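Since this is a predicted model, take the numbers as computed values, not measurements. The sequence lines fix the lettering, A, B, ..., with proteins before strands; numbering per chain opens at 1.
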Amino acid sequence: MTGGMSGLDQMDDLYEVIILDHYRSPRNTSAVENPDIDLEVNNPFCGDEVRIQMKIDRNIVSHVGITGRGCAISQASASLLAELVEGKSSDQVHGAVDSVRRLLKGENITDQEADTLGDIEALQGVRKFPVRIKCALLSWVGLDDALKDHIAGVKS
Amino acid sequence: MTGGMSGLDQMDDLYEVIILDHYRSPRNTSAVENPDIDLEVNNPFCGDEVRIQMKIDRNIVSHVGITGRGCAISQASASLLAELVEGKSSDQVHGAVDSVRRLLKGENITDQEADTLGDIEALQGVRKFPVRIKCALLSWVGLDDALKDHIAGVKS
Amino acid sequence: MIDSTGNTVSTGLNVNSIRADFPILQRKIHGQNLVYLDNAATTQKPNQVIKSLTDYYEQTNANVHRGVHTLSIEATDGYELARSKVADFINAPRSEEIIWTRNTSESLNLVAATWAENNVVAGDNIVITAMEHHSNIVPWQQLAFKKGAELRYFAHNSDGIIDLEHAMTVIDERTKILSVTHMSNVLGTVNPISELAGRAHDVGAVIMVDAAQSVPHMPVDVQDLDADFLAFSAHKMLGPTGIGVLWGKVSLLEDMPPYMFGGDMILEVTYEDANWNDLPYKFEAGTPNIADAFGTGAAVDYLSRLGMKNVWRHEQDLTAYAMERILSLDTVKILGPKDPSMRGGVISFIHDSIHPHDLGTALDQQGIAIRTGHHCAMPLVRSYDVVAAARASFYIYNTKSEVDALVNGISETEGYFNR
Amino acid sequence: MIDSTGNTVSTGLNVNSIRADFPILQRKIHGQNLVYLDNAATTQKPNQVIKSLTDYYEQTNANVHRGVHTLSIEATDGYELARSKVADFINAPRSEEIIWTRNTSESLNLVAATWAENNVVAGDNIVITAMEHHSNIVPWQQLAFKKGAELRYFAHNSDGIIDLEHAMTVIDERTKILSVTHMSNVLGTVNPISELAGRAHDVGAVIMVDAAQSVPHMPVDVQDLDADFLAFSAHKMLGPTGIGVLWGKVSLLEDMPPYMFGGDMILEVTYEDANWNDLPYKFEAGTPNIADAFGTGAAVDYLSRLGMKNVWRHEQDLTAYAMERILSLDTVKILGPKDPSMRGGVISFIHDSIHPHDLGTALDQQGIAIRTGHHCAMPLVRSYDVVAAARASFYIYNTKSEVDALVNGISETEGYFNR
Ligand SMILES: Cc1ncc(COP(=O)(O)O)c(C=O)c1O
Ligand SMILES: Cc1ncc(COP(=O)(O)O)c(C=O)c1O
């Protein structure tokens, strides 16, 4: 069997070069000292686990560290997230999560959103593999919830 | 539709003339005073009920009274039972119940058994209608159990 | 309007073309055409439903959920699509409110063993009607025994119409749950669910609807009914055996403990403990009845295409005709409402000289299938001072000429036994 | 002996002719031939089983029990015939010991909620292995919580072979029930049931066998095993989804309270109380899954015709071949016994660089269906320090060339991810 016959090239949309690169060399993997947010999210069905640590300075994500184990999609997605959120305000993070959600649902995103997401647009290939969407969203949804809780906690 | 077209004549084996006669004019229906056995058997699924009262003198059934409501088969069978058991010993009754059971299962019975059963052989048409066998056996099985219990009670 | 074959065509159902969808209607019974009038027990299945099962097994079969392979993904999608079809069919607000069970009986048991188990305490009461099916009596009886609660019945009149005033007094502040049949499988009575729901909610109780005989036969809208739980079986509505539905409000379902444990209903398990998956999976332990969920979806499609209003009108029409024809015999008494417009297509009757069992055998000889006995409603049937009744019940494929066959069949039987 | 197409013919199974009975094997997945290796999740169905369902719905369909009409009588006879076929298949002494359930999970829950509910008290213990499926963990966990009893596990070694000596000490005088998988759905290990049964009986405990993975694949004789209860699912042995079996000894079943209430499980009901029907009906509330009982009978017929010894030999042969081929990859580790003769046709494996989920997607692109994840045995899978594994599992229609396709598929996937 050759690569062509085996049909694996049909997975190229799922496993974009950027995705595989982040999977193999995840960014921001070092632990964060005294994190304001320290979160473990997992999808027990697939066996994906991600740990997200962050420092928040006046609503700005100043430092992110991400580790985990799981499939290429969940781990690359978490690494892309780490890259994006550093230096962003909680509102900006929330907006980005929203964009990613819509991107994966196959809804249109604006050019401006696309600009913000940058490399993350590579995740859109996951749409063709609906069972893998959960993997892609895992860290985003977890982070969004944690950030909201954190902000609410600081305010109260 | 005529009787022939409707196929009802195929029921003639089930509703033998003797059966219908016993159904319409059941024998031994008067209540027994101070019965030694007073038994109600019923099949709630079909809605068949039979009450059996008997006096037993030194192992001999001296007097039987049977009442009930239910389908032609259950009621005729009970009436046939009443006719047969009067004057019989408990062993003879037990033997007759056994013959009836085998008759309805489609097993062979001896000429002597057939002699004993007499009119009761008319029940054998029920074989072709297996769901009705329960109706035919209702009073026989109940009586057999009750008689055994009675004998055991007298002995102990 | 009645066409040349005696079939109703005025009710919006084309019965001739419907009949062509049901292979079993070609069967001969004792050499006669099958006249199937046992629909309250279970209905027959159209080709469309049978084919949905065959297609599933020939093309899609796989275990659902969590599979990454194509068959598993397709099976999961189809299984969930069927769930959302059922949700639409009864106008459930959300698809995850539809729990697949084995049948109506399991749906009722599930609520008794989880919601009621958690909410009913000694001194409380549970209220049902005096015309319930055993499946809507015994789970509550047992729960009441266990909890030291009281099981209360409210009355109906001799026509089988429930006494709303009595109901309003029976339901009181200690009532925790009211469980009521939407339509009686013996009397045909259709009960006023939303009035009862109003009263239940006023006293802080919940209302469960046994819709085994309504969802198959009339438009049912859980929001209109103002119900909290509702149960029915696919096999009574053209669908396969072995699958039923419990609908419940999300807010109630979320607070309930699981009924069974294992497989898909779990989120995480350690050697020490476990926690539960989201709705509806929390209530679906082990491999579900996937094929029959597909079949239920096909049954819902079939009925939706006909339109439930048309189905209901057809049955009412047939019932009115049948009551008139049966009563013309003079030897037969019909149980339940005299006014056909107050009832569904179920007619239980008692012959003045022929026992139901003998009548059933004699009709079967003529190809006519009716049910006889207590119809799993012994206390009700006995309240009419009989231990058994005969029952004819109709569905979309039945015709007036089949009603005629029934009436002729009874006459023939009279002739036979009076010979 | 391997024929020209690479199919095993030495094991007494004619795999080519078997394959012709399974319509789904003609399916193309992403343009490739389907290679179905997810049989431990559910098996495919032969025409004979599919046809039994179609025949039932086209010719026989009716509600069972107590019907006097022909269809109901035929449906009842067929339903009971299927029960006795199942009894024969596992050598149950009596047909009424076979209770129809939805699946293995329900069978296990039933025993936990009835027998164990009645017999386990605070301070008692329940013993299971550390390799159970969630369905054989969580019902006991919950019961132990409720009763203040202890749930004990006994160990297995790194090869997945249980430690009998340890088991003998874990089982003690306070053990009320031992519930053990006959064959692990992750490791393939076949456990020594009769030894465990001996120990259980010595201390006065009963033993329940989770036979979900054994009855479909090997000869199982409940009397030889010396078991008290045994559970399995039709869908894992060529049969339809939505039906399973609980077998139990009559003496135990008779003393157990019912699990669900309603419909057929009742002998008599009054407004005040109810009493129960005989076995097996006491445990079958409501309209049963009649059609799928017919289908289960057809599945049992199919397997009996092949002979369970031949089925087992075929799978062992295939497993030995597959282990050798997979291990030749060097990148893959196999869980469970290294000796193929000690295991059934289930191979769970872990790739040293490709996550099971990615591997599953890539194999699916090549038409190969495997399962990935925790296989409903989270605690076990985690004990190997992973959260997920890939699993290939075999059945009567699988061939050595399909094993080759799997191995090639893994290589292709390595190539793809290392590009
Ligand atoms: C060992 C074992 N036990 C129990 C089960 C549960 O079977 P079901 O999902 O049919 O209830 C399975 C199936 O996954 C199994 O493999
Ligand atoms: C009113 C009513 N409730 C409940 C049931 C029980 O339904 P099932 O046997 O499908 O559980 C029936 C069916 O006989 C019924 O008619």
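Neither the backbone nor the side chain of C:Asn39 comes within contact range of chain D; no heavy atom of the residue lies under 4.5 Å from a heavy atom of that chain. At a 4.5 Å heavy-atom cutoff, the contact between D:Ile29 and chain C is made by side-chain atoms alone. Residue contact with chain D, scored on non-hydrogen atoms closer than 4.5 Å, involves the backbone of C:Val64 exclusively. The part of D:Ile370 that comes within reach of chain C is its backbone (N, CA, C, O), which places non-hydrogen atoms under 4.5 angstrom from that chain. For C:Trp276, the part lying under 4.5 angstrom from a heavy atom of chain D is the side chain only. Residue contact with chain D, scored on non-hydrogen atoms closer than 4.5 Å, is absent for C:His375. Heavy-atom distances place the side chain of D:Asn109, and not its backbone, under 4.5 Å from chain C. Heavy atoms closer than 4.5 Å to chain C are found nowhere in D:Phe22, neither backbone nor side chain. There is no contact between C:Thr104 and chain D, counting heavy-atom distances below 4.5 Å. With a 4.5 angstrom heavy-atom cutoff, C:Pro240 touches chain D via backbone and side-chain atoms both.
In terms of heavy-atom pairs under 4.5 Å with chain D, the best-connected choice from C:Tyr36, C:Trp100, C:Tyr56, C:Phe145 is C:Phe145. With chain D as partner, the option from C:Ala369, C:Ala62, C:Ser233, C:Gly360 having the largest number of non-hydrogen pairs under 4.5 angstrom is C:Ala369. Note on C:Ala41, C:Ala144, C:Cys376, C:Ala293: by heavy-atom pairs under 4.5 Å with chain D, the leading option is C:Ala41. Highest contact tally toward chain C, considering only D:Ala112, D:Ala113, D:Ala130, D:Ala212, is held by D:Ala130 [criterion: heavy-atom pairs under 4.5 Å]. When each of C:Ile243, C:Ile24, C:Val138, C:Thr42 is scored by its heavy-atom pairs under 4.5 Å with chain D, the top score falls to C:Ile24. Ranked by heavy-atom pairs under 4.5 Å with chain C, the list D:Glu132, D:Glu272, D:Met265 is led by D:Glu272. For the set C:Ala377, C:Ala274, C:Ser383, the count of heavy-atom pairs under 4.5 angstrom toward chain D peaks at C:Ala274. When each of D:His357, D:Glu106, D:Arg66 is checked for heavy-atom pairs under 4.5 Å with chain C, D:Glu106 comes out on top. Of the listed residues (D:Gly244, D:Pro258, D:Pro139, D:Pro288), the one with the most heavy-atom contacts under 4.5 Å to chain C is D:Pro139.
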Pair C:His134-D:Val269, side chain to side chain contact (heavy atoms under 4.5 Å, CB included): steps then yes or no: CA-CA 7 Å; C:His134 293 165; D:Val269 182; 3.7 Å; yes
Verdict with supporting geometry, D:Tyr259 and C:Met260, side chain to side chain contact (heavy atoms under 4.5 Å, CB included): CA-CA 11 Å; D:Tyr259 183 43; C:Met260 294 185 200; 3.3 Å; yes
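Between the C:Asn61 side chain and the D:Thr43 main chain, a donor and an acceptor come within less than 3.5 Å of each other. The backbone N or O of D:Gly263 sits less than 3.5 Å from a side-chain atom of C:Ser135, completing a donor-acceptor pair. The backbone N or O of D:Phe261 lies less than 3.5 Å from no partner atom in the side chain of C:Gln142, so there is not a single donor-acceptor pair. Looking only at distances, a side-chain donor or acceptor of C:Gln141 sits under 3.5 Å from a matching main-chain atom of D:Thr270. In this structure a side-chain-to-backbone donor-acceptor pair under 3.5 Å is missing from C:Ser105 to D:Ala285. A donor-acceptor pair under 3.5 Å is absent between the side-chain atoms of D:Gln59 and the main chain of C:Pro23, judged by distance alone.
Here C:Arg102 contributes atom CZ and D:Thr287 contributes atom OG1; the two are 10.5 Å apart, rounded to the nearest 0.5 Å. Summarising the geometry, atom CD1 belonging to C:Ile266 is positioned 8.0 Å from atom CE belonging to D:Met378; distances are rounded to the nearest 0.5 Å. Summarising the geometry, atom CD1 belonging to D:Ile50 is positioned 7.0 Å from atom OG1 belonging to C:Thr54; distances are rounded to the nearest 0.5 Å. Taken to the nearest 0.5 Å, the CD atom of C:Glu268 stands 4.5 Å off from the CZ atom of D:Arg382. A distance of 11.5 Å separates CG in C:Asp273 from CD1 in D:Ile137, rounded to the nearest 0.5 Å. Note that the CG atom of C:Asn289 and the NE2 atom of D:His235 stand 10.0 Å from one another [nearest 0.5 Å].
By the 4.5 Å heavy-atom criterion applied to side chains, D:Leu53 and C:Tyr57 are counted as neighbours.
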What side-chain donor-acceptor pairs closer than 3.5 Å can you find for residues 67-74 of chain D, not counting sequence neighbours?
| residue | atom | partner | partner atom | Å |
| --- | --- | --- | --- | --- |
| D:His69 | ND1 | D:Ser72 | N | 3.3 |
| D:His69 | NE2 | C:Asp38 | OD2 | 2.8 |
| D:Thr70 | OG1 | C:His30 | NE2 | 3.4 |
| D:Thr70 | OG1 | C:Asp364 | OD1 | 2.8 |
| D:Thr70 | OG1 | C:Asp364 | OD2 | 2.7 |
| D:Ser72 | OG | C:Arg371 | NH2 | 3.3 |
| D:Ser72 | OG | D:Asn63 | O | 2.8 |
| D:Glu74 | OE1 | C:Arg27 | NH1 | 2.6 |
| D:Glu74 | OE2 | C:Arg27 | NH2 | 3.2 |

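The shortest non-hydrogen separation linking D:Tyr271 to C:Tyr153 is O-OH, 2.6 Å.
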